[in-house]
Amino acid sequence: MSLAQEMFAIVPALGNANLSASQLKLLAGKARWIFRVGEAGFPTIPTIAITRAAWDELQAERGRRDIRLRTHWVACLFKLVGKDGKPPMLVVRTSAASHNGGLMPARIGIAAPAAPEDAVDPARPLARAIKQAFESYGFSGRGWGVRSDDDRARQIVLVQAVAEGAIEQFVTRNVTTGALGPAPLTGGLLPRLPDNVNALIALLDAKAGRHMSCLVAVHRGDVQFLSARSVQASAGAELEAAVDRVERKIWTPHNAVTRADPNRLAQVLHPRLKSPEGVSPIAMGLGVSPGAASGIIVFNAEDAARLRARGKHCILVVNETGPADIEGMKAATGILTARGGMSSHAGVIARITGKPCVAGVRTLAVDATEMACWIGDREFRAGDRLTIDGSDGAVYLGTLPLAQPQIGGAIGKMLKWSDASRTIAVRTNAETVEAAQTALSFGAEGIGLARSEHMFFSPERMVALRRMILSEDEDARSKAIAGLVHYQTGDYSTLFAAMKGLPVNVRLFDPPLHEFLPRTDEEIEETAASLGVAVRALRLRLERIAEINPMLGHRGVRLAITYPEILQMQMQAVLAGARAASEKQAEPVAVEVMIPFVSTASEVAWVRERAMAVLNNSGLAHSDRVHFSLGTMIELPRACLRVGDIAALVDFISFGTNDLTQTTFGISRDDAPTFLAAYQRKGVYERDPFVNIDEKGVGEMIAIAIERGRAANPRLKIGICGEHAGDPVSLKFFAGLGIDYVSCSPYRVPVARLTLAQASA
């Protein structure tokens with residue numbers, strides 16, 4: 001395409017625009033919608049466009065005293081002249097693919113050039129405005145999505161005729177509810193608009209398929225379109241709008257599914273305060289991102305990331321946020337700021353990341369150096385707890401109970417459409433009936449990971465578990481285990497019953513034992529008293545079983561082999577729970593037992609022999625009421641490489657991507673936040689491998705394992721059960737590997753359903 005063709009009328013004053021395919025590709029931002037609306041026949045202000053490359057050549061031509069390109073440019077300007085032959089006053093606008101506050105605002109009321117040279121001389125008003133508009137795009141390209149010199153050259157600036165009448169602005173759909181507009185801008189009033197504005201709204205909504213901020217001129221009862229750009233709406237509004245377009249037959253259900261953003265979907269699944277009545281807030285601010293959150297106070301991004309890595313909830317408390325806080329905002333459960341409002345950095349980023357946020361709390365003062373804050377006269381330190389409500393801006397003392405959201409309405413319809421094209425099952429990670437029921441309400445198709453050790457976090461169970469771990473001999477350990485069987489049998493029975501015949505995958509005891517042992521002096525004294533032993537004796541025992549690197553130590557399958565009585569106890573409890581549940585429901589119980597942290601087929605064979613012996617002795621081996629299968633968790637590189645040996649011994653494998661990432665990279669997930677952020681800032685790592693799966697390393701290990709596992713056992717069922725199973729980027733990669741299911745946290749189930757549907761489309 002010649003540079004002359006990069007100056008063209010999008011909407012000429014007379015006649016129609018006949019754009020080439022190359023010119024159509026140049027239309028970005030406002031230019032695209034101006035052309036589409038004008039093409040559809042709606043009254044649109046005359047508009048021409050020029051690229052940066054063409055403008056730069058016009059300036060170079062001036063230095064050569066050439067006028068060929070200038071002549072074409074002047075001819076383009078004449079396409080803004082109407083039937084009266086009178087050159088109009090002009091407006092200059094930028095037209096970026098995405099809006100940014102750094103772009104030059106529209107320059108209005110520029111006189112038409114009096115001579116051809118005036119059209120290109122930066123000392124004259126029109127050329128000066130065009131030059132400044134291009135300069136506002138910047139040169140690095142980082143803020144504008146520019147990827148190369150070629151992209152920069154294709155940036156465009158618009159020149160329009162000044163419209164007659166009152167200039168009005170509105171949104172095509174309500175940004176909170178998604179209802180078709182016109183709707184006022186945030187905080188503004190809806191202008192008086194003629195009836196034919198509804199035709200424009202319907203046209204633009206159909207063409208753009210998104211919320212648009214629309215600029216029009218109203219003159220003598222008629223509307224003339226000036227420009228439009230997309231605006232950010234709430235995730236709920238986007239869902240409602242998508243469903244409405246399907247019901248209006250503008251989109252098909254397939255269109256709605258493929259155009260939805262899985263990351264945004266998570267934002268409609270926020271918890272809310274269960275019963276705030278009777279509890280008074282200690283402060284009020286602006287609710288700038290919806291949802292409620294409770295957590296430990298932190299004052300910086302590093303502490304937020306560390307707590308997130310340890311599975312703890314935290315509230316990031318700062319005076320105001322900036323770009324350096326983004327990683328901390330992602331890691332935090334909620335954000336609280338002393339300054340800012342709806343359009344503040346905190347508000348915008350919180351809505352994008354789906355985190356509850358309360359901003360502009362005037363009674364809040366933060367001293368990050370002292371790691372303290374004050375709300376009124378109350379002082380708070382790191383480690384204290386707060387609850388915030390990002391819907392109404394309330395701040396509460398301590399931890400308040402939260403009510404979990406339910407799927408229905410627009411999100412229910414969207415997910416139903418998603419399931420029509422999805423081929424990979426979505427399960428959940430859950431150990432409690434409450435978590436399982438939440439996941440079921442979100443459409444989970446089973447439990448892909450029930451971490452048995454998570455069932456021992458109550459005080460009385462912790463005492464029983466510590467008694468077992470600290471037993472000096474097998475006889476004492478067996479006595480301690482006898483008490484645990486009762487606990488676990490009841491847990492499994494209620495969990496199986498809650499799932500009503502859907503598969504439940506129980507992972508055998510996995511964690512490093514140190515996670516369950518007392519650490520502080522107070523805990524050691526309490527444990528010694530509960531066990532009836534001397535404090536000194538307990539300390540000596542703790543020293544003997546301490547490990548230098550417990551994450552790679554005595555855990556997983558190694559516990560089952562060194563303490564077979566633990567394996568015996570768990571198998572008895574699982575099968576007793578399955579039997580109890582099967583006697584109370586019509587559906588058979590589908591129980592899967594998963595061996596964790598294996599590295600060799602011989603480990604799997606050793607556990608399989610003993611697990612199957614317990615199964616055979618239980619009388620359930622051939623039961624039509626209990627369907628039993630045995631598998632293993634693949635989370636070590638050696639297991640990936642030798643999965644062909646393992647596959648012949650098991651019914652399924654499931655990849656634990658958290659530990660597989662740790663052991664492949666040689667990075668502790670708990671310690672990674674201290675340096676991964678610097679790695680990403682310096683371009684050493686493109687992405688955090690604990691957030692998005694490392695496709696070239698960890699991903700290749702998984703792909704190799706799947707190929708070898710299926711070759712050895714064609715009937716092998718394959719799942720993914722790490723945190724990556726709820727990440728849209730990772731899910732798209734997994735979808736291409738031929739897996740049978742993924743398992744993620746309950747609140748990520750809808751995200752996985754939508755993402756996997758898009759991957760199948």
Side-chain angles (χ1 to χ4, degrees), residues 178 234-243 245-246 251-271 291 353-354 404-430 435-450 498-505 590 654-655 657 691-693 717-761:
S234 71
E238 289 179 349
L239 275 173
E240 294 287 350
V243 171
R245 292 184 192 111
V246 174
W251 284 357
T252 64
H254 177 78
N255 294 145
V257 169
T258 55
R259 295 182 66 155
D261 182 354
N263 287 301
R264 298 274 285 158
L265 184 67
Q267 297 183 28
V268 303
L269 306 173
H270 290 298
T353 56
Q404 306 307 330
Q406 299 294 321
I407 286 189
I411 189 172
K413 292 179 180 178
M414 179 71 75
L415 292 173
K416 184 178 179 180
W417 296 333
S418 298
D419 292 344
S421 61
R422 180 167 52 84
T423 58
I424 297 171
V426 178
R427 300 191 194 179
T428 190
N429 303 335
Q437 289 174 339
T438 297
L440 286 172
S441 74
F442 291 160
E445 297 162 297
I447 292 178
L449 177 62
M499 298 309 291
K500 298 186 183 303
L502 293 174
V504 177
N505 187 314
S654 185
F655 292 93
T657 59
V691 175
N692 307 126
I693 195 73
K717 184 182 291 185
I718 296 173
I720 305 283
C721 62
E723 286 300 314
H724 298 95
D727 167 53
V729 173
S730 305
L731 284 166
K732 289 174 183 175
F733 172 74
F734 296 142
L737 298 180
I739 61 174
D740 296 295
Y741 70 88
V742 300
S743 186
C744 54
S745 62
Y747 289 100
R748 303 301 289 179
V749 167
V751 175
R753 289 170 66 188
L754 178 60
T755 305
L756 292 172
Q758 292 175 341
S760 300

I'd like to check the salt bridge (charged side-chain N to carboxylate O under 4.0 Å, His left out) partners of Glu240; sequence neighbours left out, ordered by chain and number.
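With neighbours one apart ignored, the set is empty.
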Minimum heavy-atom separation for [X] to [Y], with atom names?
X      : Y      : result
Pro746 : Thr428 : N-OG1, 3.3 Å
Gly448 : Cys721 : O-CB, 4.2 Å
Ala725 : Val742 : CB-CB, 4.0 Å
His724 : Asn692 : CD2-C, 3.6 Å
Ala436 : Ala430 : N-CB, 3.9 Å

Which residues pass the side chain to side chain contact (heavy atoms under 4.5 Å, CB included) test with [X], sequence neighbours left out?
X      : value
Ser760 : Thr423
Asn505 : Arg427, Glu592, Met594, Phe652, Tyr741
Ala498 : Val433
Thr252 : His254, Asn255

Check step by step if side-chain contact (heavy atoms from CB on, under 4.5 Å) holds for Leu756 and Leu731.
CA-CA 7 Å; Leu756 292 172; Leu731 284 166; 4.2 Å; yes
For Ser743, enumerate each residue passing the side chain to side chain donor-acceptor pair (under 3.5 Å) test, keeping only those at least two apart in sequence or located in another chain.
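For Ser743 the side chain to side chain donor-acceptor pair (under 3.5 Å) partners, ignoring immediate neighbours, are Asn429.
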Given Trp417 and Val243, is the side-chain contact (heavy atoms from CB on, under 4.5 Å) satisfied, shown in steps?
CA-CA 10 Å; Trp417 296 333; Val243 171; 4.1 Å; yes
Heavy-atom side-chain contact between [X] and [Y] under 4.5 Å:
X      : Y      : value
Leu265 : Arg753 : no
Phe734 : Ile424 : no
Val426 : Phe442 : no
Val751 : Asn263 : no
Val749 : Thr438 : no

Check Lys416 with Asp419, please: is the shortest side-chain N to carboxylate O separation under 4.0 Å?
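Salt bridge flag = no for Lys416 with Asp419.
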Between Asp727 and Thr755, does a side-chain contact (heavy atoms from CB on, under 4.5 Å) hold up when you go through it step by step?
CA-CA 9 Å; Asp727 167 53; Thr755 305; over 6 Å; no
Hey, what do you get for CD1 (Ile718) to CZ (Phe655), rounding to the nearest 0.5 Å?
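It comes to 6.0 Å.
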Under 3.5 Å donor-acceptor, Gln758 side chain and Val257 backbone
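Here the side-chain-to-backbone pair exists.
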Go through the steps for Arg422 and Glu445 under the test salt bridge (charged side-chain N to carboxylate O under 4.0 Å, His left out), then give the verdict.
CA-CA 12 Å; Arg422 180 167 52 84; Glu445 297 162 297; 2.9 Å; yes
